[in-house]
Amino acid sequence: KQEVTQIPAALSVPEGENLVLNCSFTDSAIYNLQWFRQDPGKGLTSLLLIQSSQREQTSGRLNASLDKSSGRSTLYIAASQPGDSATYLCAVKRNTGNQFYFGTGTSLTVIP
Amino acid sequence: NAGVTQTPKFRILKIGQSMTLQCTQDMNHNYMYWYRQDPGMGLKLIYYSVGAGITDKGEVPNGYNVSRSTTEDFPLRLELAAPSQTSVYFCASRGPGLAGGFEQFFGPGTRLTVL
């Protein structure tokens with residue numbers, strides 16, 4: 001079974017700081033990995049999707065990397081803003097089956 | 001484009017009651033999913049569907065049922081509600097494969113309380 005871990009569970013940074021969120025998974029036979037943002041009381045918004053053949057994806061101030069062999073992905077947020085405050089989740093799809101496995105998320109607070 | 005819509009947004013049930021959570025997507029996606037999200041526990045897959053008429057169990061299917069009669073709709077049925085089913089329920093969909101990139105799109109959720 002695939003286990004997905006996100007550490008730390010919570011993170012607080014001052015505005016303008018660059019930061020890295022971590023996602024670890026136990027089974028490296030993955031098809032893709034997806035990063036989401038969730039605001040309080042809301043659904044999940046897709047941020048970035050990395051296919052297993054890719055090493056990284058970028059969207060604006062966000063950059064996600066993938067290292068399958070070590071079972072790790074990072075989400076880099078540049079020049080953080082208070083509007084980035086949310087919970088960030090990663091989800092992994094294995095090569096077989098249709099199921100996605102989610103981490104428990106990192107709650108980010110950006111202090112003005 | 002509405003994307004994935006869910007109704008209702010909130011619901012309070014008494015123990016033993018039944019209800020149906022509605023989910024509709026307008027992206028012509030084959031794959032649809034139902035998850036529940038409990039505090040500190042991440043999202044757990046309840047049921048999923050790979051197309052109209054085809055459904056399968058996820059990690060936590062007990063106490064739930066689904067049907068998929070059309071591509072657009074994927075309702076989740078709770079029979080004999082129990083306090084353990086208090087949770088936030090999310091419906092999601094994704095495209096057919098390489099063209100769709102396997103990216104999941106989520107609805108806004110239904111917050112259910114069973115008392």
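Keep in mind that what you see is a predicted model, and the values were worked out from it rather than measured. Letters A, B, ... are given to chains in the order of the sequence lines, protein chains preceding strands, and every chain is numbered from 1. Both backbone and side-chain heavy atoms feed into the values below; hydrogens, waters and symmetry mates do not.
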Side-chain heavy atoms under 4.5 angstrom apart, residues restricted to Ile, Leu, Val, Met, Phe, Trp, Tyr: same cluster for [X] and [Y]?
X: B/Val60; Y: B/Met32; answer: yes
X: B/Leu45; Y: B/Phe106; answer: yes
X: B/Tyr48; Y: B/Ile54; answer: yes
X: A/Leu33; Y: A/Leu75; answer: yes
X: B/Tyr35; Y: B/Met19; answer: no

For this session: Pick whichever of A/Phe102, A/Phe36, A/Tyr101 has the most heavy-atom pairs under 4.5 Å with chain B.
Result: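 Heavy-atom pair counts peak at A/Phe102.
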
For A/Ile111, I'd like to know if atom CD1 has over 12 heavy atoms of other residues, nucleotides or ligands within 6.0 Å.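 Yes.
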
| message | Could you check whether any side-chain N or O of A/Gln34 sits under 3.5 Å from a backbone N or O of B/Gln104, counting only pairs where one atom can act as donor and the other as acceptor? | response | yes

Flag, side chain of B/Tyr33 to backbone of A/Asn98, donor-acceptor distance under 3.5 Å:
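Such a contact is found between B/Tyr33 side chain and A/Asn98 backbone.
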
The interface call for B/Val88 against chain A, heavy-atom contacts under 4.5 Å, is neither

Honestly, the part of B/Leu43 sitting under 4.5 Å from a heavy atom of chain A is both

What part of [X] gets closer than 4.5 Å to chain B, counting heavy atoms only: side chain, backbone, both or neither?
X: A/Lys93; answer: side chain
X: A/Leu89; answer: side chain
X: A/Gln6; answer: neither

Would you say that B/Phe90 contacts A/Gln38 through its side chain, given a criterion of any heavy-atom pair below 4.5 Å between the two side chains?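 B/Phe90 vs A/Gln38: side chains touch.
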
